[in-house]
Amino acid sequence: MHARLLSAPSRAAAASTSSSTPSAGCRPSWKPRPPSRSSASLPPLSLLRAGASMEPASTEGQSDPPVHGVSDRVVGVLGGGQLGKMLCQAASQMGIKVAILDPLKDCPANSVCHEHVVGSFNDGDAVREFAKRCDVLTFEIEHVDAVTLEKLEKQGVVCEPKASTIMIIQDKYRQKDHFSKFGIPLTDFVEVDTLSSIEKAGEMFGYPLMVKSKRLAYDGRGNAVAHDKNELSSVVSSLGGFEHGLYVERWTTFAKELSVIVARSRDGSTVCYPVVETIHKDNICHVVEAPAEIPEKMKKLAASVAEKAVKSLEGAGVFAVELFLTNDNQVLLNEVAPRPHNSGHHTIEACYTSQYEQHLRAILGLPLGDPAMKAPAAIMYNILGEDEGDSGFVLAHQLIKRALNIPGASVHWYAKPEIRKQRKMGHITIVGPSLFSVKEHLNKLLQRDTDGQKKVRPRAAVIMGSDSDLPIMKDAAAVLEKFNIPFELTVVSAHRTAERMYAYASSAKERGLEVIIAGAGGAAHLPGMVASLTTLPVIGVPIWTKSLQGMDSLLSIVQMPKGIPVATVAIGNAENAGLLAVRMLASRDPELSDRVNEYQQDLEDSVLVKARLLEELGSDKYLQQYKQP
């Protein structure tokens, strides 16, 4: 076993050589990996150009050599952090060889890559030598030597995404300027290079004013807020002065921060993952909720903006598009990362194709995978360093131990040898039947309900137009109790409490409800009115009345207009309504599904017992023994 060392630096030298590398991204370390080809047998770069093409060269009269597995091509990744590690894990599953270039010996990807070359991804010589070992180059951090990549592309080396894209993304002002030319919605921005120019920007945009570094700004670094004109000078100094390269943005008040992962293949086709909401802690992504709880039209708008942004860039791969959803329902682009991203970690467990597998598919020219979620809901929680040194590891380990007892939870530990406050050390993904469910599991993981007094939020609702309906509707409640489903029981009249009904139905999904059982008699407008105000399934129970014995209620409920579906049951059969609600919930809840199957088996067994007794005793004795009034 031996390793290729390309200007292998000391830790201090690596930091100085990689001045554009984020400090939190100082990659932890290295262990030799046997190279896929001996360095002595490496052909010159000129001969590798044909091999770098996605279309294998063929000679007339000869058949192409067989491909062993998904692809024989070696993928070279600049950077070996946690994103590189998860990229290698996806590649290993597909049998794809991945080589990494990273300056630190114990970087997270070292333990899972095919080959680790020790060298700086900002060192042009190191990148050129590394390229000779690979068929396609990509990266897990955008702070790489883009100039060298551009030169390599001209020599025939395949880089995905393209160097032109990296250059745009590395300079955040240039990135904003690029997207504005393509009509992509952004907050207002302007370049500043003197005190007078930034004062003029303050007059134009007002305060607070967001001041940003053009380069090396991420996770809150390189950003500062001036609350008034008097703070401008100190804010500029804190960012390294105007010579560092600064611009300002109008302060954006937003309702939510969103993210869309977009995959683009080498033929230009794209697929979008479901829109997620990102929740930040001290400007660092801390929690990701999938899918985002926003109206469908907002999801479509977010995906459209994200896809348009990605199509304006060159090259294949996975792109993360971070967005703001404003209070007036605008979607504004914040920034783009041309690589796998923190907001896509959940896709490993929650989607049919993870963002990491998708990135490999895209850069190798393979068919793009299905980005849809295979779990109804997921939540990703970043394990951030809470303390320095051993105490920080102890706290992280305690969190991981609790996660191992959470249903649907998966732990990812990045194996960084050093822990610092706010450093990303790993993440936990929880999948489940609903966002309400996974949020509850996250609360348990974080011990947010340690007092034991927290009320369980209901999954189902049993409502009725009048308390006179309760003798019938209590049967639905009894079924929900039997299956241990939290529910709420209340009176909501479509006619006498119209405003209450509107507010109740409109907020039902947001409050965590998953199904509504609505009982109504006479005109029986309640089920249909509720169904028109929510996307949750509504089950109507026709209530028996003296005038028409419930036929009016039944006919009213079943004759909803097209587009407003309401399920219904027999007149007065609230028990079946409860069972139907249970089955709806069980379709996304494996544990509940098992209880429904057990219930069905008990029904069958009880009938079989009665049949056997009837056959043994005969009708007279059976009626005497079991059917006495």
Side-chain angles (χ1 to χ4, degrees), residues 3-6 8-9 11 14-15 18 21-33 75-94 96-122 126 130 138-144 218-219 284-285 288 318 320 337 339-349 354-357 359-360 380-386 388-389 392-393 396-397 399-400 403 410-429:
R4 290 271 296 174
L5 284 91
L6 303 180
R11 192 170 294 272
S18 309
T21 306
S23 58
C26 286
R27 306 299 181 208
S29 83
W30 194 96
K31 192 175 182 180
R33 273 281 181 273
V75 174
V77 180
L78 303 184
Q82 62 262 25
L83 300 177
K85 179 174 185 173
M86 288 178 273
L87 198 61
C88 289
Q89 289 169 333
S92 177
Q93 183 176 336
M94 301 170 74
I96 296 171
K97 295 180 176 65
V98 174
I100 62 169
L101 176 67
D102 194 278
L104 299 177
K105 293 181 178 180
D106 297 327
C107 63
N110 169 70
S111 62
V112 290
C113 66
H114 177 70
E115 180 183 7
H116 178 185
V117 176
V118 179
S120 172
F121 38 73
N122 279 304
F130 180 68
T138 190
F139 48 88
E140 59 109 55
I141 182 170
E142 53 266 42
H143 306 298
V144 297
Y218 73 103
D219 284 349
I284 299 174
C285 180
V288 174
V318 157
R339 53 170 172 77
H341 191 259
N342 200 162
S343 62
H345 287 347
H346 68 284
T347 61
I348 298 173
E349 285 81 23
S354 78
Q355 67 165 340
Y356 300 99
E357 178 184 334
H359 188 72
L360 292 166
M380 188 285 305
Y381 179 83
N382 265 337
I383 304 174
L384 301 178
E386 295 184 38
E388 311 284 334
F393 281 114
H397 181 66
L399 180 69
I400 289 169
S410 298
V411 175
H412 295 259
W413 184 248
Y414 304 150
K416 298 179 180 180
E418 296 177 4
I419 190 168
R420 297 189 297 271
K421 286 186 177 181
Q422 298 300 88
R423 190 182 195 190
K424 295 174 182 177
M425 301 301 296
H427 74 268
I428 297 165
T429 298

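Because the structure is a prediction, the values reported are computed rather than measured. Computed over heavy atoms, backbone and side chain alike; hydrogens, waters and symmetry mates excluded.
In terms of heavy-atom proximity, A90 sits nearest to Y356 at CB-CB, 3.8 Å. The two residues P340 and Q355 come nearest to each other via the heavy atoms CA-OE1, 3.3 Å. The two residues F139 and V144 come nearest to each other via the heavy atoms CB-CG1, 4.4 Å. Considering all non-hydrogen atoms of both residues, F393 and P417 come closest at CZ-O, 3.5 Å. In terms of heavy-atom proximity, I383 sits nearest to A396 at CG2-CB, 4.2 Å. Minimum heavy-atom separation, V112 to C88: CG2-CB, 3.6 Å.
To the nearest 0.5 angstrom, Q89 atom CD is 11.5 Å from C113 atom SG. For the atom pair NE2 of H345 and CG of L83, the computed distance is 5.5 Å after rounding to the nearest 0.5 Å. The structure places NE2 of H116 at 4.5 Å from CD1 of I100, a figure rounded to the nearest 0.5 Å. Between the NZ atom of K97 and the NE2 atom of H114 there is a distance of 5.5 Å, given to the nearest 0.5 Å.
For the pair N110 and D102, the minimum side-chain heavy-atom distance is 4.5 Å or more. When side chains are defined from C-beta on, P103 counts as touching F121, because their heavy atoms get closer than 4.5 Å. For the pair V98/L87, no side-chain contact is recorded, criterion being any heavy-atom separation below 4.5 Å from C-beta on. Between K424 and N342 the shortest side-chain heavy-atom distance falls below 4.5 Å. I348 has its side chain out of reach of T429: every pair of non-hydrogen atoms, C-beta onward, lies at least 4.5 Å apart.
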Working for side chain to side chain contact (heavy atoms under 4.5 Å, CB included), residues E357 and T347
CA-CA 10 Å; E357 178 184 334; T347 61; over 6 Å; no
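Qualifying side-chain hydrogen bond (donor to acceptor under 3.5 Å, both in side chains) partners for S343, counting only residues two or more places apart in sequence or in other chains: S259, H341. By the side-chain hydrogen bond (donor to acceptor under 3.5 Å, both in side chains) test, E142 is found to be paired with R339, residues two or more places apart in sequence or in another chain being considered. By the side-chain hydrogen bond (donor to acceptor under 3.5 Å, both in side chains) test, T138 pairs with H359, sequence neighbours left out.
Judged purely by atom type and a 3.5 angstrom limit, N382 uses its side chain to pair as donor or acceptor with the backbone of C285.
Annotation for E388: atom CD counts as buried by contact number, over 12 foreign heavy atoms lying within 6.0 Å.
Exactly one of K85, Q82, H427 qualifies for a side-chain hydrogen bond (donor to acceptor under 3.5 Å, both in side chains) with Y414. That residue is H427. Screening M86, E140, K416 for a side chain to side chain contact (heavy atoms under 4.5 Å, CB included) involving P108 leaves a single residue, K416.
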